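This report refers to the structure that appears directly beneath it.
What you see below is based on every heavy atom in this structure, not just the backbone, and it leaves out hydrogens, waters and symmetry mates. These figures come from a predicted structure and were not determined experimentally. We name chains A, B, ... by the order of the sequence lines, and we start the count at 1 in each one.
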There are 2 protein chains.
Amino acid sequence: MKNKRMFWNIVEKIETLIDSGAYPPGSRLPPERELAETYLVSRPTIREAIIALEVRQRVEVKTSSGVYVLEMKGAKQDSRPCSAFELTQARALVEGEAAALAAVTITEAELAKLKLTLEAMQKGINADQADREFHIIISNATRNNAVVLAVENLWKLRDTRDEIKNAYKNVCSQSDSDRLDEHTRIYNALKNKDSQAARSAMHHHFNRLINALFAVSEAKALEEVKRKSNETRGLYSLNHLVN
Amino acid sequence: MKNKRMFWNIVEKIETLIDSGAYPPGSRLPPERELAETYLVSRPTIREAIIALEVRQRVEVKTSSGVYVLEMKGAKQDSRPCSAFELTQARALVEGEAAALAAVTITEAELAKLKLTLEAMQKGINADQADREFHIIISNATRNNAVVLAVENLWKLRDTRDEIKNAYKNVCSQSDSDRLDEHTRIYNALKNKDSQAARSAMHHHFNRLINALFAVSEAKALEEVKRKSNETRGLYSLNHLVN
DNA sequence: TGGTGCAAATTGGCAAAACCAATTAATATA
DNA sequence: TATATTAATTGGTTTTGCCAATTTGCACCA
């Protein structure tokens, strides 16, 4: 993709240099003219790149003095490490309560929409999409936007952290029938306006998920041990000597 | 402050025009040359402004075609209306579960820190700060970063929406002793590692808050009715005729 | 010797002109 | 009428030039 405009490449390169520590925070970048020379582009192009970096809050340009790199605090958001287990536990708590709330506020229309997701999941097409819709509908049924926000943020966490995404992918696809059963049980509790049952069913749902995650995690750990063992075996093997 | 560079002014003007609907989403901005003429600046300056808008995801520039304004969905996050009641209910649910979790994972050190906040609150200095610390410590005690995140996001919601901030301000300051009692009760439950009691105490805490919010809300509604009534009375009054 | 002030070099800000490449619109032709 | 060709539009980039603010260094003076 060379369709990108020239200055985006410069932005990328300079940003890489900043991240690599070549231009530590507080330091001054080389003058525009010099950058233009080193990157074999004209000065306006360099200026455009610098402006892009400035808008992104990566650098600060002081007229007649130079452009200075400033440390980014935006990355602080990402820096809260969070495992799939933690996320699932949190979802169990939050969505469990959401279900309990929704049991007394959910409408017939929302129940119908829930039923549609169950049918979609049964057919197996877009099961993950149906899963998401199921949980979103319930959070919306609470009539509490703060709850909706909390639930959404946990979904966002799942979407943004690759490690979590992979962990879920391994688990979700392997036990669709379990998931469908659990969703159905949650649906029935909501239909019966039974808060306790709804909460319990939601907890059950996530509990199974956590156990599945554990199982996968264990399996992976075992595999890792095996692999390392094999490496070691290879290291000390005398197979190449005997024949 | 005319220290700003020329293109920032252009960015500001164009952004205003976009927000005002003069350039609706999907529409095309005038060509660079034309903009340069109308704003009495050179083309590079216009280009810089457009690049700034592009980095901000306000416009999209298609080579040899034009620059098109695209709708911003970043502001949609903020625009989820959410009342103080909703927030408080959500906090009750989430923090209630957090407390229940924390009851089994909290350390002696954290209990000690909690005690400090109680003492600070008793002295009355920085009571709101102590309040915040109290809740944060508990969420951290869950050893679950996803839970911490959920709690943090609800605090953020409180901080960002002025309407909510004001509602809380009216309530918090008027019943410090209640708040201290409730915090103490939560603390004791955590100290006893009693999940049920911790959840219950947290719920009780927020329940009082909701009731207080309702009371204030009612009072304000009454006041409003009175004010309008007075206005009307003024409108139809004959006081100026009789004497 | 040390401090002060002025001047030159550095550096970013902006403008103008010119050319290119891609897209789009208009037009002419089959 | 449909299609192909052409011309105009539009953003992309470079080059050049000058300006203003800042920084730097050196000379001069105390």
message: So, under a plain 3.5 Å distance rule, would you say the side chain of A/Arg5 forms a donor-acceptor pair with the base of D/dG11?
response: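 There is none.
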Rounded to the nearest angstrom, tell me the gap between atom [atom1] in [X] and atom [atom2] in [N].
{"X": "A/Glu48", "N": "D/dG11", "atom1": "CD", "atom2": "P", "value": "13 Å"}
{"X": "A/Arg33", "N": "D/dG17", "atom1": "CZ", "atom2": "C1'", "value": "11 Å"}
{"X": "A/Glu60", "N": "C/dG13", "atom1": "CD", "atom2": "P", "value": "12 Å"}
{"X": "B/Tyr68", "N": "D/dT10", "atom1": "OH", "atom2": "P", "value": "10 Å"}
{"X": "B/Ile51", "N": "D/dG11", "atom1": "CD1", "atom2": "P", "value": "12 Å"}
{"X": "B/Trp8", "N": "C/dC14", "atom1": "CH2", "atom2": "P", "value": "12 Å"}
{"X": "B/Glu37", "N": "D/dT9", "atom1": "CD", "atom2": "P", "value": "14 Å"}
{"X": "A/Ile50", "N": "C/dT11", "atom1": "CD1", "atom2": "P", "value": "12 Å"}

Measure from the side-chain heavy atoms of [X] and tell me the nearest of [options].
{"X": "B/Met6", "options": "C/dA15, C/dC19, C/dT23", "answer": "C/dA15"}
{"X": "A/Arg43", "options": "C/dC14, C/dT24, C/dA16", "answer": "C/dC14"}
{"X": "B/Val41", "options": "D/dG12, C/dA15, C/dG13", "answer": "C/dA15"}
{"X": "B/Glu32", "options": "D/dT15, D/dC18, D/dG11", "answer": "D/dG11"}
{"X": "A/Pro31", "options": "D/dT14, C/dT11, C/dA16", "answer": "C/dT11"}

field: Any A/Met202 side-chain heavy atom under 4.5 Å of A/Ile138 side chain
entry: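 In contact.
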Side-chain donor-acceptor pair present, [X], [Y], cut-off under 3.5 Å:
{"X": "A/Glu48", "Y": "A/Thr45", "result": "no"}
{"X": "A/Tyr68", "Y": "A/Ser65", "result": "yes"}
{"X": "A/Asp131", "Y": "A/His183", "result": "yes"}
{"X": "A/Tyr168", "Y": "A/Thr88", "result": "yes"}

- request: Nearest-nucleotide wise, let me know which of B/Glu34 and A/Ser42 is further upstream toward the 5' end of DNA chain D.
  value: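 Whichever sits nearer the 5' end wins; that is B/Glu34.
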- request: Would you kindly compare A/Ser65 and B/Arg28 by the position of their nearest DNA chain D nucleotide and give the one closer to the 5′ end?
  value: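 That would be B/Arg28.
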Distance check: side-chain N/O of [X] vs OP1/OP2 of [N], anything under 4.0 Å?
{"X": "A/Arg47", "N": "C/dG13", "answer": "yes"}
{"X": "B/Thr45", "N": "C/dA15", "answer": "yes"}
{"X": "A/Ser64", "N": "C/dT11", "answer": "no"}

